[in-house]
Amino acid sequence: QVQLVESGGGLVQAGDSLRLSCAVTGRTFSSYAAGWFRQAPGKEREFVASISWAGMSTPYADSVEGRFTISRDDAKNTVYLQMNSLKPEDTAVYYCAVRRGTIATKERRSYDYWGQGTQVTVSS
C-alpha cells in the first residue's frame, strides 16, 4: 500500500509564496509519475501540475504556468510544489497523487493513489 502525506499549506497574502511537500511512503512502485491537483469549494478537482519519473516532463495548468514549479527528490521519495505570486483564486485544498509508470499526465483518473490534501488560503 502506498501512502501520500501532504504538508506546507497555510494562510498567506496575495503575492506570497508557499512550498507544498508530498511524502510518498509504503510499498512504492519501481517508477512513478506524480501530480498536484486542487479543489476549491463548490468546484471540481482540477489539475495543477505533473512530473514524470525522470523529471524531464512537467506539464502545468495554464492558470499556474510561470508561477508554480513542481519537482521531486527521489532519494527522499518526496514531491514538491513551489507556489509563487499566489493569488486569491489559488485558494483550494491541494492534493498530491501518484501513478504507476513514467509519464506525467493531466488526467485525474490516471492516478492510482491520493493524499488527504492540504489547505491553501490566499487573502487579498
Side-chain angles (χ1 to χ4, degrees):
Q1 188 71 9
V2 176
Q3 293 86 39
L4 308 179
V5 179
E6 303 99 332
S7 61
L11 171 63
V12 297
Q13 294 186 332
D16 286 351
S17 298
L18 277 176
R19 188 177 80 157
L20 305 183
S21 298
C22 172
V24 183
T25 62
R27 298 185 63 182
T28 56
F29 319 128
S30 58
S31 61
Y32 61 88
W36 287 96
F37 292 75
R38 67 186 182 186
Q39 188 167 17
K43 296 188 177 181
E44 290 192 357
R45 193 170 299 188
E46 65 175 6
F47 170 77
V48 175
S50 181
I51 187 165
S52 62
W53 168 239
M56 299 297 288
S57 175
T58 54
Y60 294 93
D62 290 345
S63 58
V64 307
E65 181 83 52
R67 299 188 298 123
F68 291 12
T69 303
I70 189 171
S71 62
R72 61 191 297 160
D73 184 340
D74 292 326
K76 297 181 179 180
N77 275 333
T78 301
V79 181
Y80 303 99
L81 185 68
Q82 178 67 43
M83 306 186 293
N84 298 330
S85 302
L86 282 162
K87 304 176 181 180
E89 50 264 43
D90 294 318
T91 295
V93 177
Y94 283 71
Y95 296 91
C96 175
V98 298
R99 62 184 300 269
R100 295 177 179 85
T102 61
I103 299 174
T105 176
K106 301 179 180 182
E107 296 298 325
R108 186 177 62 188
R109 292 178 177 84
S110 296
Y111 289 84
D112 300 298
Y113 294 94
W114 292 81
Q116 293 300 306
T118 185
Q119 176 70 48
V120 172
T121 304
V122 184
S123 64
S124 58

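- The structure places CG of Asp112 at 13.0 Å from OH of Tyr32, a figure rounded to the nearest 0.5 Å.
- Between the CG atom of Leu81 and the OG1 atom of Thr69 there is a distance of 8.0 Å, given to the nearest 0.5 Å.
- Atom CG of Leu11 has more than 12 neighbouring heavy atoms from other residues, nucleotides or ligands inside a 6.0 Å radius.
- Here Leu4 contributes atom CG and Tyr113 contributes atom OH; the two are 9.5 Å apart, rounded to the nearest 0.5 Å.
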What donor-acceptor contacts under 3.5 angstrom involve side-chain atoms of residues 55-65, with partners at least two apart or in another chain?
| unit_1 | atom_1 | unit_2 | atom_2 | d |
| --- | --- | --- | --- | --- |
| Tyr60 | OH | Ile70 | N | 2.9 |
| Ser63 | OG | Arg38 | NH2 | 3.4 |

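- A donor-acceptor contact shorter than 3.5 Å is absent between the side chain of Arg72 and the backbone of Val79.
- Side-chain N or O atoms of Ser50 include one that pairs as donor or acceptor with a backbone N or O of Thr105 at under 3.5 Å.
- Note: Thr102 OG1 to Ile51 CD1 = 12.5 Å, rounded to the nearest 0.5 Å.
- Here the side chains of Tyr111 and Phe37 are in contact, with some heavy-atom distance below 4.5 Å.
- Panel note: side chain Thr78, backbone Ala23; no donor-acceptor pair is recorded below 3.5 Å.
- Judged by a 6.0 Å distance limit and a 45° cone about the ring axis, Arg100 is not positioned over the six-membered ring of Trp53.
- Side-chain N/O atoms of Asn84 and Ser17 include a donor and acceptor closer than 3.5 Å.
- Residue Gln116 places its CD atom among 12 or fewer non-hydrogen atoms of other residues, nucleotides or ligands, all under 6.0 Å distant.
- Tested against Tyr94, the residues Met83, Gln39, Glu6, Gln119 include a single side chain to side chain contact (heavy atoms under 4.5 Å, CB included) partner, Met83.
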